[in-house]
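What follows is a short report on a single structure.
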Amino acid sequence: MSNQVAEFNEYRSKMNEKLLADNNKIVKRIFNLDTNAYAEGALDVKTKELLGLVASTVLRCDDCIKYHLETSYKEGITKEEMMEAMGIATLVGGTIVIPHLRRAYEFWEALEDHK
């Protein structure tokens, strides 16, 4: 398996640094809001990550799917839990999300191999 996980994280970090260095107040606030939204609250982090994964799949955002998959993996979500959430996402999103489901499954395997 390729360095999918490392490549994704390197690119994401590099571009986030550039975006934040541009010092745009709106972008910085959105990044901050996103970070805080997934923090522990009335819902635990695992639940929030699965919600983010489902929403990202329905919206067909592969970068977002990868981010939520990796965070979910780090939070201890099992493959079975991830697949159940992706099943819900496919049900809600319809067959148009199947290519994203394939890439998500492939990325999960890369996470398992990346340990």
Side-chain angles (χ1 to χ4, degrees):
M1 182 110 352
S2 71
N3 287 342
Q4 264 190 326
V5 175
E7 289 170 10
F8 172 72
N9 286 322
E10 287 168 16
Y11 176 77
R12 185 175 177 277
S13 292
K14 178 180 84 172
M15 294 312 297
N16 282 353
E17 284 177 26
K18 288 184 177 192
L19 287 167
L20 293 171
D22 200 40
N23 208 25
N24 181 289
K25 188 186 291 187
I26 296 168
V27 171
K28 283 186 172 189
R29 286 182 177 173
I30 290 171
F31 273 55
N32 184 270
L33 179 62
D34 183 68
T35 298
N36 288 320
Y38 289 95
E40 189 83 23
L43 296 175
D44 62 27
V45 173
K46 286 182 178 185
T47 300
K48 288 182 175 186
E49 287 302 328
L50 288 174
L51 289 168
L53 177 61
V54 169
S56 297
T57 304
V58 171
L59 292 170
R60 302 187 308 264
C61 177
D62 283 330
D63 279 6
C64 301
I65 292 167
K66 287 177 181 177
Y67 173 79
H68 289 294
L69 283 171
E70 184 169 15
T71 307
S72 294
Y73 184 81
K74 287 177 180 176
E75 286 294 322
I77 288 171
T78 67
K79 187 175 190 176
E80 292 76 22
E81 290 170 321
M82 179 275 295
M83 282 304 297
E84 191 164 327
M86 292 302 285
I88 298 297
T90 305
L91 174 66
V92 172
T95 57
I96 197 166
V97 304
I98 290 173
H100 304 277
L101 175 62
R102 289 185 195 116
R103 288 189 289 274
Y105 196 89
E106 177 184 30
F107 194 75
W108 187 269
E109 289 182 330
L111 288 167
E112 292 176 326
D113 292 343
H114 191 261
K115 297 178 187 177

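Here, residue 1 is the first one in the sequence, and each next residue gets the next number.
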Taking side chain as C-beta onward, heavy atoms only, is [X] less than 4.5 Å from [Y]?
X: Leu53; Y: Met86; value: yes
X: Trp108; Y: Met83; value: no
X: Asp62; Y: Phe107; value: no
X: Asn3; Y: Phe8; value: no
X: Glu75; Y: Ser72; value: no
X: Tyr38; Y: Thr71; value: no
X: Gln4; Y: Glu106; value: yes
X: Val27; Y: Phe31; value: yes

Going only through I, L, V, M, F, W and Y residues with side-chain contacts under 4.5 Å, is there a path from [X] to [Y]?
X: Leu101; Y: Val54; value: no
X: Ile65; Y: Val97; value: no
X: Met82; Y: Ile88; value: no

[X] versus [Y], closest heavy-atom pair with distance:
X: Ser56; Y: His68; value: OG-CD2, 3.4 Å
X: Ala85; Y: Leu50; value: CB-CD2, 3.8 Å
X: Val58; Y: Gly93; value: CG2-N, 4.0 Å

Answer yes if the side chains of [X] and [Y] hold a donor-acceptor pair under 3.5 Å, and no otherwise.
X: Ser13; Y: Asn16; result: no
X: Glu70; Y: Asn9; result: yes
X: Lys79; Y: Tyr73; result: no

Euclidean distance, [Y] [atom2] relative to [X] [atom1], rounded to 0.5 Å:
X: Glu40; Y: Lys46; atom1: CD; atom2: NZ; answer: 10.5 Å
X: Glu109; Y: Asp113; atom1: CD; atom2: CG; answer: 7.0 Å
X: Arg29; Y: Asn36; atom1: CZ; atom2: CG; answer: 13.0 Å
X: Cys64; Y: His100; atom1: SG; atom2: NE2; answer: 11.5 Å

Check for a donor-acceptor pair, side chain of [X] on one end and backbone N or O of [Y] on the other, with a separation under 3.5 Å.
X: Glu81; Y: Thr78; answer: yes
X: Lys48; Y: Ala39; answer: yes
X: Asp44; Y: Thr47; answer: yes
X: Asp34; Y: Ile30; answer: no
X: Asp22; Y: Asn24; answer: no

